[in-house]
Amino acid sequence: MKKGVTVRVNKKFLYLIVTLSIILILTHSCALLQLKEKTEIPEPSSNTMYSLLIRSFYDSDGDGIGDFRGVAQKVEYFKELGIDTIWFLPFNKAKSYHGYDVEDYYDVEPDYGTFEEFKEMLKILNENGIRVVMDLVVNHTANTHPWFKDAVENTTSSPYWNYYIMTLEDKSGHAHWHWKMNSKGQKVWYFGLFDLSMPDLNFSNLAVMEEVKKIIDFWYLVGVDGFRLDAPKHYMGWDWDDGITQSAQVARQIESYIRTKYGNDVILVGEVFDGNPSVLSQFAPLPVFNFTFMYNIRSNYEGQDNLLQNAISWVNSNTYYLASYHFPFIDNHDLDRWISVLIDQKYSGNVTNGTKQYLLTNAVLLSLKGIPTIYYGCEIGLRGWKWGTDPWDMPVREPMQWYTTQSGTGQTYWTKSVYQAKNITFGNANADGAMYDEPNDGVSVQEQETGYTILNFFRQFINLRKEYPALSKGTITIERDWKNLIAIKRTYGSQEILVLINLDPQYSNNFSVPAGYKWIWYAFFNGSNFEFGPKNELPLSQNTNWTVNPRQIYVFVKN
C-alpha cells in the first residue's frame with residue numbers, strides 16, 4: 001500500500017467478512033469435535049472377533065470388488081452370527097490387493113470406496129454394537145510410498161533417508177537386501193525382510209516412532225476401536241528369527257503409547273508369527289495372537305493329553321491389563337484354510353469326518369477366555385489352499401460365497417480377472433474366481449441358512465457366548481485336559497458354564513457333572529449322528545456321572 005492513500009471499507013462488507021470467518025472457525029471446530037466423538041458402543045457380549053478382507057466380502061456397486069458400503073449392508077449378518085468385533089485386513093491405500101504394502105497411511109484404498117464411506121461404515125457398525133480393529137502395517141511400507149521414492153531419489157539429502165534401512169554401499173550377497181536405481185544412476189540398497197516391494201522402516205530412528213504415533217492418533221480420532229499390529233516380531237533384526245527382544249521393546253513402546261493416551265478400552269493385539277510361548281510372552285503387556293494354540297490344535301485335531309495346558313498356560317493374566325488379553329484362533333489369511341486341511345489331507349477326502357472335526361476344534365476355540373478370532377468364510381466352511389507359486393496366498397483369500405450358484409447381488413468376483421490374466425484354470429478359477437468352491441457344493445450362506453449346517457453351528461455357539469456371560473467373560477478353569485475329554489469351566493459372578501468336548505473319534509470318557517447344573521446345548525457328531533442344538537433340561541438334583549461319547553459336545557450352566 002502506498003503512503004498517504006486512504007482506504008475506505010464498506011461496513012456491510014466488513015461485517016460479512018467477519019461473519020463468514022466466524023462461521024468457518026465454528027465449522028472447523030465442529031468438524032474436529034465430530035471427528036473425535038466416538039459412537040457409544042454397548043459392552044461386548046460375545047467377545048468374538050471376525051477377520052475380514054473387504055475386497056472379498058460384499059460388493060455394493062457391481063464391480064466385483066468388496067467395499068465399505070458392502071460391509072455396512074451386511075450388518076445384520078454380523079449380528080445374527082453373534083460377533084461384536086471386526087478386524088479388517090488393511091484398508092489403507094496400498095500397492096497390492098492384500099493391502100500389506102501401504103502407499104498412504106492417511107487415506108483408504110480407492111477400490112473400497114471413499115473416506116466418507118469408510119466413516120459411514122464405521123458409524124453403522126458401531127451403532128449396531130460392533131467394534132472395528134484396524135490392521136496397523138508399520139513394519140514396512142510399499143516401495144511406491146512417497147517416503148521411499150524420495151529417499152531413493154535424493155539419498156542422504158532426503159528427510160526420509162533414515163526412515164528406511166538404506167545405504168549406497170554394495171550389499172550383494174546379503175540376505176533380504178535389495179536395490180533400486182535412481183534417476184542419477186545411483187544404485188540405492190535397502191533392507192526389506194518380506195520382499196523387495198516392501199522396504200522395512202527403521203525403528204532405530206526416533207522419527208519413525210513419531211510417525212507411527214501420528215498414524216495411530218489419526219485413526220483413533222477417526223473412530224477405530226483398536227489396532228492389530230502387523231509383524232511386530234520383525235520391527236528389528238536382520239532375519240526371520242533375529243532381533244526378537246529388540247522388536248518386542250519397540251512393540252511395547254507402541255502399546256504403552258496407546259494405553260497411556262487412549263486407555264484400556266482400545267483393543268490391541270500383535271501378530272507375532274511364532275508358536276514358541278517364550279517368544280510370544282516377550283511382547284507382554286502387548287497381547288498377541290495365540291499361535292501356540294493354533295499349532296497345537298492343528299497338530300492334535302483328534303485330541304491329546306494336556307492339549308490346552310500346553311497351548312494357553314503361558315498366557316499369564318497378571319501380565320496384561322484387560323480381561324481380553326487372550327486372542328486364540330485356528331484360521332487366518334496366511335494359513336491353509338483349516339477345513340480344507342482336514343477334509344483333503346487329514347481325512348483323505350471324507351467330507352463328513354473332516355467337517356465333524358472342524359466343528360469340534362472350533363468349539364474348543366469358542367470355549368476359551370479372551371477374544372477368539374475367526375476368519376471370514378470359516379463360518380460356512382469356505383475352502384482354500386495356499387500355493388507355493390503365483391498366485392501364492394490368494395486362494396485362501398477368495399470371495400466369500402453368498403449364493404448357491406456363486407452369483408447374485410453383492411457377490412464378489414475380483415479374483416476371476418486375476419486368474420484369467422495369469423491363465424489359471426484350476427478348479428474353474430478363471431470362470432468364477434473360486435478355485436476351491438463350485439456352484440451347488442453346499443458351501444455358501446444361502447445353502448446353509450437352515451438345518452445342521454456349519455453356519456448354524458457357528459451362529460449357535462457364538463450366541464451362547466452372548467447369552468451366557470460366563471462363557472465370554474468368565475474366568476477359566478481346565479477341569480480335564482485328556483485326549484478324549486476336555487472339560488472347561490467358566491465362571492462370571494454367580495454364573496458357571498461347563499463345556500465338555502470329546503475330540504476323539506473312537507473312545508468315550510466320563511465326567512461327574514455337579515448338582516445344580518442344567519444341560520443347555522449339545523452337539524453329537526459320533527457315528528452317523530450329525531446334530532446340534534439347544535436343550536432345556538431341569539437342573540441336576542445330584543452329582544451325575546456323564547458319559548461323553550466320541551465327537552460329542554455338552555454345555556451346562558449353573559446360576
Side-chain angles (χ1 to χ4, degrees), residues 51-59 61-67 70 88-91 94-101 103 109-112 135 142-144 192 194-198 331-349 351 354 358 375-447 454:
S51 173
L52 188 157
L53 175 61
I54 296 170
R55 187 175 298 275
S56 287
F57 198 66
Y58 196 81
D59 169 26
D61 57 13
D63 65 356
I65 299 173
D67 46 47
F88 287 106
L89 273 63
F91 52 73
K95 179 180 179 180
S96 301
Y97 81 90
H98 50 67
Y100 283 101
D101 43 11
E103 291 182 322
E109 171 54 49
D111 284 351
Y112 298 164
D135 213 319
N143 62 357
T144 48
F194 283 85
D195 188 74
L196 62 85
S197 66
M198 299 178 181
D331 270 285
N332 74 14
H333 60 287
D334 289 323
L335 301 170
D336 295 321
R337 285 192 177 266
W338 179 222
I339 193 165
S340 287
V341 174
L342 285 168
I343 291 174
D344 298 343
Q345 189 179 83
K346 305 299 184 183
Y347 290 101
S348 303
V351 175
Y358 177 73
Y375 182 44
Y376 83 93
C378 285
E379 75 275 21
I380 59 170
L382 195 65
R383 312 292 172 81
W385 285 93
K386 295 173 65 174
W387 282 31
T389 58
D390 194 15
W392 306 104
D393 293 349
M394 194 176 290
V396 298
R397 302 167 183 172
E398 286 186 338
M400 175 73 175
Q401 296 300 319
W402 297 102
Y403 304 103
T404 304
T405 61
Q406 291 190 304
S407 65
T409 302
Q411 180 62 53
T412 60
Y413 53 84
W414 66 274
T415 45
K416 176 180 175 179
S417 60
V418 178
Y419 293 153
Q420 286 176 339
K422 296 177 183 293
N423 197 31
I424 295 173
T425 60
F426 180 84
N428 211 29
N430 63 338
D432 56 25
M435 292 186 182
Y436 296 100
D437 292 287
E438 299 297 335
N440 302 292
D441 61 358
V443 183
S444 72
V445 173
Q446 187 177 49
E447 292 167 280
I454 297 173

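Just so you know, residue 1 is the first one in the sequence shown, and it goes up from there.
The distance from atom OH of Tyr58 to atom CD of Gln411, rounded to the nearest 0.5 Å, is 9.0 Å. We find the OG1-NZ distance between Thr144 and Lys95 to be 5.0 Å, quoted to the nearest 0.5 Å. In this structure, the separation between CD1 on Ile424 and CG on Asp390 is 6.0 Å, given to the nearest 0.5 Å.
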| query | Run the side chain to side chain contact (heavy atoms under 4.5 Å, CB included) check on Phe194 and Tyr100 step by step: do they pass? | reply | CA-CA 10 Å; Phe194 283 85; Tyr100 283 101; over 6 Å; no
| message | salt bridge (charged side-chain N to carboxylate O under 4.0 Å, His left out), that's the test. Do Asp336 and Lys386 meet it? Break it down for me. | response | CA-CA 6 Å; Asp336 295 321; Lys386 295 173 65 174; over 6 Å; no
| said: One pair to check against side chain to side chain donor-acceptor pair (under 3.5 Å): Gln446 and Thr404. What are the steps and the verdict? | reply: CA-CA 6 Å; Gln446 187 177 49; Thr404 304; 2.9 Å; yes
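Using a 4.5 Å cut-off on side-chain heavy atoms (C-beta onward), Arg55 and Leu89 make no contact. Two residues are said to be in side-chain contact when any heavy atoms from C-beta on lie closer than 4.5 Å; Trp392 and Arg397 fail this criterion. Between Asn430 and Lys422, every side-chain heavy-atom pair lies at or beyond the 4.5 Å cut-off. When side chains are defined from C-beta on, Asn332 does not count as touching Trp338, because their heavy atoms never get closer than 4.5 Å. Side-chain contact between Arg383 and Glu438 is absent, with no heavy atoms from C-beta onward closer than 4.5 Å. Taking the side chain as every heavy atom from C-beta outward, Asp101 and Asp195 never approach each other to under 4.5 Å. Proximity of Asp331 to Tyr358: side-chain heavy atoms (C-beta onward) are separated by under 4.5 Å at one or more points. Contact of the Arg337 side chain with the Tyr436 side chain is not registered, since no non-hydrogen atoms from C-beta on lie closer than 4.5 Å.
Ring geometry for His333 against Tyr375 counts as tilted: the plane angle lies between 30° and 60°, on a 0 to 90° scale.
The only member of Trp414, Trp402, Phe91 that meets ring pair (Phe, Tyr, Trp, His ring centres under 6.0 Å) when paired with Phe57 is Trp402.
For the residue pair Gln406/Gln401, the side-chain donor-acceptor check at 3.5 Å is satisfied.
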